[in-house]
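Numbers restart at 1 for each chain; the letters A, B, ... are given by sequence-line order, proteins then strands. Basis for what follows: all heavy atoms, side chains included, without hydrogens, waters or symmetry-related copies.
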Amino acid sequence: MLPLIFECMSLIELSDQEIQRRETLNEIRNFGIEPYPAALYPVSHLSTDIEANYEEGKKVIVAGRLMRKKIQGKASFAELQDSAGRIQVYFNRDEICPGEDKFNYNELFKKLLDLGDFVGIEGTLFKTQVGEITVRVVDFKLLSKSLKPLPMPKTDADGVTHDAFTNPELRYRQRYVDLVVNPHVKDVFLKRNKVFNAFREFFNSRGYIEVETPILQPIPGGAAARPFTTHHNALDTTLYLRIANELYLKRLIVGGFEGVYEFSKNFRNEGMDRTHNPEFTAMEIYVAYKDYNWMMEFTERLLEHTAIAVNGTTVASFGDHTVDFKAPYKRVTMRQSIIDFTGFDIHGKTEEELRTWCTSNGVEVDFTMGKGKLIDSIFGEKCEGKYIQPTFITDYPKEMSPLCKQHRDNPELTERFELMICGKEVANAYSELNDPIDQRERFEEQLKLSEKGDDEAMFIDQDFLRALEYGMPPTSGLGIGIDRLVMYLTNNLSIQEVLFFPQMKPEKWGNSGPDLTENERLILAVLEKEKSMDLVVLKERVALSNKAWDLGMKGLTKHGLAKVTKTDTSLIVDLTS
RNA sequence: GAUUCCGUAGCUCAGCUGGUAGAGCAUAUCCCUUUUAAGGAUAGGGUCCUGGGUUCGAAUCCCAGCGGGAUCACCA
């Protein structure tokens, strides 16, 4: 009984076109054709290979999704989409079916193949009267049946797209559909892949080693951020999803590697917007015997190399801006930057003086903020957004950089830089702090900040301190936000566009069986006792408003759970079983 | 978290101060042997996001909720 209802329900929820395709699927099977064959299909060419190396009459075997079907009597055109692009195919009835049996054309191609189906095609190349390269079909095979119709955007001769699949919610939740019908979306992810390859190539050619470090960490270190918490059952202990991999990579430098890097999926339990996703990808690299000056040069050359690898040029458009990744980049100290944009010199100022300046200059502050955070707020508010072209901001206050080596010329500062592009931080690098005593003190200061209410201050990682005590060579480290870099290189203003599956609220799926509303259940409960009763009596018994009653009853009859019969004198409601 | 806009057919979208739910594409049937988003004819297709309220009557007005976008806040 229940499975039957369930089956009915799932059919009710299918659209006409989905039902149609299921029926077609059955027909295909009835004709003895397997709609999901197991055997490999011997593809010989991609659509783009055919375009690039066209030869009249060449035999090819191609496969892909059927994306266009234009039937005109005994001959038809269709379009096949594979991973590289599209190719037109030509079906001629009497060439495909030379004998009396016209099944393959009249039935299989014309009626049983739907848009979106995977089809394999064997044929020869020719050019149509309008000169389009086309495969003349000799034989074809259904490789996989599609049961859901795809959205079908079309671009006209003027380049205008009709029926574009643009709804962001649908696009992100069903990225597979987005990728099938929006080629420009696929291009973004191909470029993303090129970023990774360019980085790897750049690092590997210099002898640096790609490594992997823990994602589940007992202490979430290496950044100031709120972590996700999880629990390990066997150890009965709390673990955190990493917010950064910095402390582990430095342990490897302690261990004797001289250059290590990792593409790190990091997780931060913070807000989401068009530049923040709860999980994101950072690349961190640590190189022994270097300092942050060396790292600046390294970074600008890396980015120049990457921009060329991705776009073939160092110039990239981003919204209204044009960004040039050509090295070298401008270098400005944080102190100078604040002077440039506000005239205020933070040098030698006390916490109180900074706070006073902030409140009288419209920079929001609160009492959990120490000197470092105050300066960071000034910079964030007044300067950060102004740097469009790649610019290194150097020499950050010590308090906000607890893992960074003190500046060689000024004990209040650190040897740190961030790379700003289009007003956003893209990279962050240090001469790494390798003095274990200093590092312990810095952690303790963080502890004080956290007692003051800063819920992002860092935890003390005793094992990391132990590692430093064994000795770490002077080292420079760099972190780059890959998602943001990809945004810049692909001209996407939203991080969701450069992640295959951006985080979204879980989708609601109907539970099993008919999904009854509260009112429907109420009516059904009464009706189940009586099996059959007068409509007016039932209505009074459930005491619902007119509208609620009406909707409830209509729902029940629609689900096939109740039936209303009209007699001469009254209306009778029956429970149907 | 705040503000604001949006949710109508498989897709893209109309639908006015409340009065029988629409178009194009897609789908189905028929005609058509070289088409370029869209050949011709006919037909089917709806939980107007959900629930409640106002009303003789709600896709439309009001309230609440759900989902999404944008802006802001938060965010090394």
Side-chain angles (χ1 to χ4, degrees), chain A residues 12-21 23-24 68-79 88 90-95 105 111 114-116 126-132 134 136 148-173 177 181 222-226 243-244 246 268-276 278 282 364 372-373 376 379-380 384 393 396 400-404 416 418 424-428 430 455-456 458 479 481 493-494 496 504-508 515 517-519 544-548 551 554-555 558:
Chain A
I12 284 169
E13 283 163 17
L14 290 175
S15 69
D16 269 11
Q17 294 189 44
E18 289 171 300
I19 293 165
Q20 175 65 40
R21 289 193 180 204
E23 284 166 0
T24 305
R68 192 170 75 94
K69 236 173 119 182
K70 166 133 180 87
I71 294 171
Q72 8 185 67
K74 301 187 193 75
S76 304
F77 286 92
E79 219 165 38
Q88 177 167 272
Y90 174 72
F91 287 81
N92 183 303
R93 187 190 70 184
D94 298 324
E95 290 174 19
Y105 184 79
K111 294 189 179 156
D114 288 304
L115 296 184
F126 77 107
K127 280 190 183 171
T128 62
Q129 289 179 351
V130 252
E132 177 155 348
T134 304
R136 185 189 306 274
K148 270 179 102 67
L150 289 163
M152 282 288 165
K154 292 179 200 72
T155 307
D156 66 20
D158 303 325
V160 181
T161 302
H162 302 261
D163 299 336
F165 181 61
T166 54
N167 182 318
E169 177 175 4
L170 292 174
R171 286 184 48 233
Y172 301 152
R173 287 197 193 280
V177 174
V181 304
R226 281 184 281 268
I243 54 175
E246 168 155 3
R268 298 190 182 175
N269 207 340
E270 292 167 348
M272 292 163 61
D273 61 28
R274 73 177 195 293
T275 54
H276 295 83
E364 245 178 83
K373 275 219 160 186
D376 189 41
F379 178 76
E384 187 172 6
I393 305 298
Y396 281 61
M400 55 185 290
S401 314
L403 301 168
C404 182
R416 171 181 183 179
E418 286 194 356
K424 288 274 181 188
E425 173 208 340
V426 171
N428 182 21
Y430 308 147
D455 55 358
E456 291 174 348
M458 293 182 189
L493 272 55
S494 163
Q496 295 170 306
M504 299 186 85
K505 279 210 181 178
E507 203 171 347
K508 280 211 180 112
D515 197 6
T517 67
E518 211 166 299
N519 292 336
L544 288 168
S545 73
N546 283 340
K547 190 178 213 170
L551 275 168
K554 279 178 179 161
K558 186 169 184 178

| task | Apply the test side chain to side chain contact (heavy atoms under 4.5 Å, CB included) to residues A/D114 and A/Q17: give CA-CA distance (whole Å), side-chain angles for both, the deciding distance (0.1 Å), then the verdict. | result | CA-CA 10 Å; A/D114 288 304; A/Q17 294 189 44; over 6 Å; no

Ignoring backbone atoms, establish whether [X] has a side-chain N or O less than 4.0 Å from OP1 or OP2 of [N].
X      : N      : answer
A/Q496 : B/rG69 : yes
A/K74  : B/rU33 : yes
A/R68  : B/rU35 : no

| query | Under the side chain to side chain donor-acceptor pair (under 3.5 Å) test, which residues partner A/T24, sequence neighbours left out? | reply |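 A/T24: no side chain to side chain donor-acceptor pair (under 3.5 Å) contacts found.
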
| By salt bridge (Lys or Arg N to Asp or Glu O under 4.0 Å) - contacts of A/K111 (at least two apart) |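 Listed in chain order: A/E107.
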
| task | Output yes when a side-chain donor or acceptor of A/R268 lies under 3.5 Å from a complementary backbone atom of A/I243, and no otherwise. | result |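 Yes; judged by distance alone, with no hydrogens or angles, the pair exists.
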
| On RNA chain B, nearest-nucleotide positions of A/A75 versus A/L115: which is more 5'? |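 On the 5' side of the pair lies A/L115.
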
Taking only N/O atoms, report every protein-nucleotides 21-25 of chain B pair under 3.5 Å with atom names and distance.
{"unit_1": "B/rG24", "atom_1": "N2", "unit_2": "A/D163", "atom_2": "OD1", "d": "2.6"}
{"unit_1": "B/rG24", "atom_1": "N2", "unit_2": "A/D163", "atom_2": "OD2", "d": "3.3"}
{"unit_1": "B/rC25", "atom_1": "O2'", "unit_2": "A/K154", "atom_2": "NZ", "d": "2.4"}

| request: Report the residues that fulfil side-chain contact (heavy atoms from CB on, under 4.5 Å) with A/T166, sequence neighbours left out, ordered by chain and then residue number. | output: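 If we apply the side-chain contact (heavy atoms from CB on, under 4.5 Å) test to A/T166, skipping adjacent residues, the hits are A/A164.
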
| field | CG on A/L115 to CZ on A/R21, rounded to 0.5 Å | value |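 With rounding to 0.5 Å, CZ (A/R21) is 6.5 Å from CG (A/L115).
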
| query | Got A/R136 and A/E95 here, is their nearest side-chain heavy-atom distance under 4.5 Å? | reply |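 Of all side-chain heavy-atom pairs linking A/E95 with A/R136, at least one is under 4.5 Å.
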
Considering only nitrogen or oxygen atoms on both sides, find all protein atoms under 3.5 Å from nucleotides 73-76 of chain B and state each distance.
{"unit_1": "B/rC74", "atom_1": "N4", "unit_2": "A/D273", "atom_2": "OD2", "d": "2.9"}
{"unit_1": "B/rC75", "atom_1": "O3'", "unit_2": "A/E456", "atom_2": "OE2", "d": "3.2"}
{"unit_1": "B/rC75", "atom_1": "O2'", "unit_2": "A/E270", "atom_2": "OE1", "d": "2.8"}
{"unit_1": "B/rC75", "atom_1": "O2", "unit_2": "A/H276", "atom_2": "ND1", "d": "3.2"}
{"unit_1": "B/rC75", "atom_1": "O2", "unit_2": "A/H276", "atom_2": "NE2", "d": "2.1"}
{"unit_1": "B/rA76", "atom_1": "OP1", "unit_2": "A/A224", "atom_2": "O", "d": "2.8"}
{"unit_1": "B/rA76", "atom_1": "OP1", "unit_2": "A/E456", "atom_2": "OE1", "d": "2.2"}
{"unit_1": "B/rA76", "atom_1": "OP1", "unit_2": "A/E456", "atom_2": "OE2", "d": "3.3"}
{"unit_1": "B/rA76", "atom_1": "OP2", "unit_2": "A/E456", "atom_2": "OE1", "d": "3.2"}
{"unit_1": "B/rA76", "atom_1": "O3'", "unit_2": "A/E425", "atom_2": "OE1", "d": "3.0"}
{"unit_1": "B/rA76", "atom_1": "N6", "unit_2": "A/Y430", "atom_2": "OH", "d": "2.6"}
{"unit_1": "B/rA76", "atom_1": "N1", "unit_2": "A/N428", "atom_2": "ND2", "d": "3.1"}
{"unit_1": "B/rA76", "atom_1": "N1", "unit_2": "A/Y430", "atom_2": "OH", "d": "3.1"}
{"unit_1": "B/rA76", "atom_1": "N3", "unit_2": "A/N428", "atom_2": "ND2", "d": "2.9"}

| request: Could you encode protein contacts along nucleotides 3-9 of chain B as a string, one character per nucleotide from 5' to 3', using B for base contact, S for sugar-phosphate-only contact and - for no contact, with a heavy-atom cut-off of under 4.0 Å? | output: -------

| query | Relative to each other, are the rings of A/Y90 and A/F77 parallel, tilted or perpendicular (30° and 60° limits)? | reply |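 A/Y90 and A/F77: tilted rings.
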
| request: Sort out the partner of B/rU3 for me: Watson-Crick or G-U wobble, both distances under 3.5 Å, none otherwise. | output: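 When the pairing criteria are applied, B/rA70 turns out to be the nucleotide that pairs with B/rU3.
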
